[in-house]
Amino acid sequence: MSASLTCSRLSFSWPDDTPVFHDLSFTVGTGRTGLVAPNGAGKSTLLRLLAGELLPTAGTVTVDGVLAHLPQNLPLSGDLTVAEVLEVDAVIAALDAIESGDTDERHFAAVGDDWDVEERTRAQLERLGLGQVALDRRLHTLSGGQAVSLGLAAQLLKRPDVLLLDEPTNNLDLDARRTLYGVIEEWNGCLLLVSHDRALLDRMDRIAELDSGELHFYGGDFTAYEEAVRAAREVAEKNVRNAEQDVKREKREMQQARERAARRSSNAAKNIKNAGLPKILAGARKRNAQESAGRADGTHAARVGDAKARLDEAGRAVRDDDRIVLELPGTRVPAGRTVFLGERMRVDLGGRPLFAGEGVDLEIRGPERIALTGPNGAGKSTLLRAVLGDQETSGGGTRRADGRIAYLSQRLDLLDPARTVAENFADATPGMPEADRMNTLARFLFRGDRAHLPTAVLSGGERLRATLACVLCAEPAPQLLLLDEPTNNLDLVSVGQLEGALNSYEGAFVVVSHDERFLTEIGVDRWLRLDGGRLREAGAPAEV
């Protein structure tokens, strides 16, 4: 039997009658399928419907094979043991009882045919980089990335035919991501995966795009999908330009027809008067001329209406995924200038030193683009805060240049939620004229009324753009930018917009990220790795 998922005329609404899907039909068969869409489009909801965790308002879901689902947020108690999370605790306990000589029938019933459960479990944990984790260890002692990998191990132990994964690389460091990539590449069942990780999506056999409640399938990996989308956008933009010309031509021809009709009417009135025709006959001719002109005008108006309809249709086909292109000369840093120098920096957390030996050294010079990598829990965020000056150091020395240092956290909590985008931007740029402010916000894609939205109602991508505007254009402009996992929880369009903004930035930055594609796109030219309390230079990671 080939594993597959089939939706037939699926509809779903939330209890407050907010619709999510209507009459959605599709089939996903054997192979790896990546599901992409902006945040809020319903990707996670769709996976929950397929897994049976939500009931559709109408329609059916058919699953051929055993299904397993790894949600984005694991609903697990921190007091559970690893064996309990993996759901093998009862079988292992029964095996232990049998080995100790207890021949109670209930132990054999619990084991069933699963006599090799412990060997399979250890092999699965080893496969996911968790070989050192004991089965009696409590979940709350694991890192976020280890918990995600453990959740995946639990699903794989079910020996599923159909596997649903929702953002499986969230919270994973680079090494754990690469381990997951290997597992995914070996998968030979039916996989439907939601992710913003482009390196992972490039390991898919096909991409499914969720757009306005409909699924559109593209053969090939994410790179092939991007090329197809780019080509479609170019065609759509060409169609818009052609449709705009059609509207202008039809309007021009209608105006010319009206002018000709007016001239004919004027000439006819003179001729009738000069001919001395009776009033009844003259009136009939005038009415005929007016009706003929009216019919011609109606024909041209209909053509204008049709041309406008084609323009509207062409406009709807153009994707709203504009990239940010800026000029930020105020952020420029001379090549030889030292913007930060830290020598033998030490930090104590809970009375224990975070860094090994005499501490860590870090010098940032000129417009360097630095990627700070390392395993989760190594202290990367703490090091960023020490560079900023928010984290007190217990030893060593730090020196900062006169230019401003800006910090962008993944929480995007720099803005006042009670104020509008324009008001927050005005607070950050008090010396900028109002007209220049509005033009600048337009370059960050806040055009017209969008600039006057309260920050509290912005989507994640809009909040990112508003924060970037306030950080990058602030007075004085930042010459060192610190970014802590900036792509977490961003959809693919927002990641592209962040890349565009950072590529316009001319100062130095240090970015903590496990997203290799993102780091490549923003032109990282220096790689540092923090591991075991030591900071060292590292080469760019090799292709997986």
Side-chain angles (χ1 to χ4, degrees), residues 1-14 18-72 151-152 155-156 158-169 180-181 183-198 200-229 231-232 316-317 319 491-492:
M1 178 182 66
S2 60
S4 67
L5 281 167
T6 301
C7 279
S8 298
R9 309 196 69 176
L10 183 73
S11 297
F12 177 76
S13 299
W14 293 114
T18 301
V20 182
F21 302 112
H22 176 68
D23 217 21
L24 178 64
S25 296
F26 66 90
T27 296
V28 177
T30 301
R32 298 179 292 269
T33 302
L35 177 60
V36 300
N39 288 341
K43 303 184 296 296
S44 296
T45 301
L46 179 58
L47 260 58
R48 294 179 65 193
L49 285 163
L50 297 174
E53 297 172 9
L54 294 174
L55 295 178
T57 309
T60 60
V61 174
T62 303
V63 180
D64 287 336
V66 175
L67 181 141
H69 174 217
L70 181 68
Q72 186 172 161
L152 178 57
Q155 301 308 315
L156 294 176
K158 297 176 183 178
R159 299 172 178 171
D161 305 293
V162 178
L163 183 59
L164 308 178
L165 301 179
D166 193 354
E167 297 289 359
T169 58
L180 176 68
Y181 296 160
V183 172
I184 294 300
E185 288 178 326
E186 294 171 1
W187 179 260
N188 55 15
C190 172
L191 171 69
L192 183 59
L193 174 147
V194 170
S195 182
H196 297 139
D197 182 343
R198 290 169 292 186
L200 177 55
L201 291 171
D202 264 340
R203 287 160 171 81
M204 297 296 104
D205 301 312
R206 68 190 71 86
I207 299 296
E209 180 188 63
L210 183 59
D211 181 27
S212 302
E214 296 184 359
L215 272 183
H216 306 279
F217 290 87
Y218 297 78
D221 60 16
F222 186 73
T223 298
Y225 159 78
E226 284 186 307
E227 292 172 354
V229 167
R316 285 193 294 272
R319 292 169 175 264
D491 59 32
L492 292 164

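Model, not experiment: these values are computed from the prediction.
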Shortest non-hydrogen contact from [X] toward [Y]:
X: L200; Y: P168; result: CD2-CG, 3.9 Å
X: Y218; Y: A228; result: CD2-CB, 3.9 Å
X: E214; Y: L24; result: CA-CD1, 4.0 Å
X: P160; Y: A68; result: CB-CB, 3.7 Å
X: G42; Y: V20; result: CA-CG1, 4.4 Å
X: L165; Y: L47; result: O-CD2, 3.6 Å

Residues which pass side chain to side chain donor-acceptor pair (under 3.5 Å) with [X], listed by chain and number, not counting sequence neighbours:
X: T30; result: none
X: D221; result: none
X: T223; result: D202
X: T169; result: D197

Got a list of side-chain donor-acceptor pairs under 3.5 Å for residues 52-60, not counting sequence neighbours?
from : atom 1 : to  : atom 2 : distance (Å)
E53  : OE2    : H69 : ND1    : 2.8
T57  : OG1    : S13 : N      : 3.0

Who are the side chain to side chain contact (heavy atoms under 4.5 Å, CB included) partners of [X], not counting sequence neighbours?
X: E226; result: F222, R230, R517
X: T33; result: V28, L192, R206, A208, F217
X: A37; result: A41, K43, L210
X: S212; result: none

Straight-line distance of [X] [atom1] to [Y] [atom2], nearest 0.5 Å:
X: L191; Y: D161; atom1: CG; atom2: CG; value: 12.5 Å
X: I184; Y: R203; atom1: CD1; atom2: CZ; value: 10.0 Å
X: H216; Y: I207; atom1: NE2; atom2: CD1; value: 14.5 Å

Side chain to side chain contact (heavy atoms under 4.5 Å, CB included) evaluation trace for L163 with L156: CA-CA 8 Å; L163 183 59; L156 294 176; 4.0 Å; yes

All pairs passing salt bridge (Lys or Arg N to Asp or Glu O under 4.0 Å) where residues 21-38 contributes a residue, at least two apart: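 Every salt bridge (Lys or Arg N to Asp or Glu O under 4.0 Å) pair that includes a residue of residues 21-38, provided the two are not neighbours, is R9-D23, R32-D205.
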
Pair L5-L164, side chain to side chain contact (heavy atoms under 4.5 Å, CB included): steps then yes or no: CA-CA 10 Å; L5 281 167; L164 308 178; 3.6 Å; yes

Contact check, side chains of V194 and Q72, non-hydrogen atoms, under 4.5 Å: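 When only atoms from C-beta onward are counted, Q72 and V194 do not touch, as no gap falls below 4.5 Å.
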
Test log, rule side chain to side chain contact (heavy atoms under 4.5 Å, CB included), inputs L46 and F26: CA-CA 12 Å; L46 179 58; F26 66 90; 4.3 Å; yes

Steps toward side chain to side chain contact (heavy atoms under 4.5 Å, CB included) verdict (Y225, V36): CA-CA 10 Å; Y225 159 78; V36 300; 3.9 Å; yes

